[in-house]
Amino acid sequence: MHRLQALFGGTFDPVHYGHLKPVEILANQIGLQCVTIMPNNVPPHRPQPDASSTQRKHMLELAIADKPLFRLDERELRRDSPSYTAQTLQEWRVEQGPETPLAFIIGQDSLLTFPSWHQYHTILENSHLIVCRRPGYPLTMREEQHQQWLEQHLTYQSEDLHSLPAGKIYLAETPWFDISATLIRQRLQQGLPCDEMLPTAVLRYIQQQGLYQKSDN
Ligand code: ATP
């Protein structure tokens, strides 16, 4: 039997506990051995990150240094073109073969915008979707057709994620972490503490690099 592989994409500008903790808890809940973090390069529908690709990668390396659950995949960072999840998952499927169960992990906010992602339908052809809870976002889709799409693919059985190669959406019962990279950037610009929100090594690196500081001009 092939082991479930999970991918966790994002901008990670910077990586924080709202990324790491739900996924660690999820891994325990459903029996995930390894989660591949894949920072993206130029997110197609978002403004450019404040930190460079190298800085975001370095912050991730610091964040997962003592966490064997996670590994880092730099393929999207190395691309010059936009990072499209659909394309990445297609490549990953080819690499892993047709039978390996694959899952893409997202937060609740990303589920709401998911139908606007490039070729979102093809994502479920290649992988499952695992949704972690995030405070402040509803668990129902804004449009009826997208709600139907969600319900068609929904499973309440985490075993499905292991026994099927792709196609299911699983709403994980992970705790809420009210943290976002936006909030951290804003707090740092205002000189407010963020110690509880991200690993100390990452915070130190941010300070060393002078990242997310208030600009004087
Ligand atoms: P920003 O505030 O800059 O938009 P972010 O904190 O949402 O960033 P991203 O790198 O955009 O972080 O998110 C990567 C993935 O992690 C997304 O799927 C997002 O939904 C999820 N995520 C981020 N923060 C949380 C959180 N606090 N709880 C659950 N999921 C989260």
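Atoms within a ligand are numbered from 1 in the order they appear, just like the ligands themselves.
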Passing option when F104 is tested against L129, L124, N126, I130 for side chain to side chain contact (heavy atoms under 4.5 Å, CB included)
L129
Would you say F12 has any N or O atom under 3.5 Å from an N or O of ligand 1, going by distance alone?
yes
In ligand 1, which numbered atoms sit nearer than 4.0 Å to a non-hydrogen atom of D109?
19 (C), 20 (O)
Quick note on ligand 1: atoms under 4.0 Å from a heavy atom of G9 include exactly 14 (C), 15 (C)
Do Q152 and Q148 have a side chain donor and acceptor closer than 3.5 Å?
no
Do any nitrogen or oxygen atoms of F177 lie less than 3.5 angstrom from nitrogen or oxygen atoms of ligand 1?
yes
Location of contacts on H16 toward ligand 1, heavy atoms closer than 4.0 Å
side chain
If we count only N and O atoms by modelled type, under 3.5 Å, do the side chains of E76 and N40 hold a donor and an acceptor together?
no
Which of the numbered atoms in ligand 1 are under 4.0 angstrom from any heavy atom belonging to T182?
1 (P), 2 (O), 3 (O), 4 (O)
Proximal atoms of ligand 1 relative to R185 (non-hydrogen, under 4.0 Å)
3 (O)
Examine the side chains of Q29 and E173 and answer whether a donor and an acceptor come within less than 3.5 Å of each other.
no
Under 4.0 Å from any heavy atom of G10, which atoms of ligand 1 are there?
10 (O), 14 (C)
To check you understand the geometry: which heavy-atom pair defines the closest contact between D73 and P39, and what is its length?
O-CD, 3.5 Å
Is F8 touching ligand 1 with its side chain, its backbone, both, or neither, if touching means heavy atoms under 4.0 Å apart?
side chain
Side chain to side chain contact (heavy atoms under 4.5 Å, CB included) partner of L188, the single match among L183, I206, D50:
I206
Is the Y170 to H128 ring centre distance short of 6.0 Å?
no
Please work out which of R134, Q108, R56, Q186 has its closest non-hydrogen atom nearest to atom 22 (N) of ligand 1.
R134
Do ligand 1 and I179 have nitrogen or oxygen atoms that lie under 3.5 Å from each other?
yes
So, T36 versus R71: side-chain donor-acceptor pair below 3.5 Å or not?
yes
By number and element, which atoms of ligand 1 are closer than 4.0 Å to a non-hydrogen atom of R133?
28 (N), 29 (C)
Give the atoms of ligand 1, by number and element, whose distance to some non-hydrogen atom of S110 is under 4.0 Å.
17 (C), 18 (O), 19 (C), 20 (O)
Sub-4.0 Å atoms of ligand 1 with respect to non-hydrogen atoms of I106
18 (O)
If you take the centroid of each ring, where Trp contributes its six-membered ring, are F114 and W149 closer together than 6.0 Å?
yes
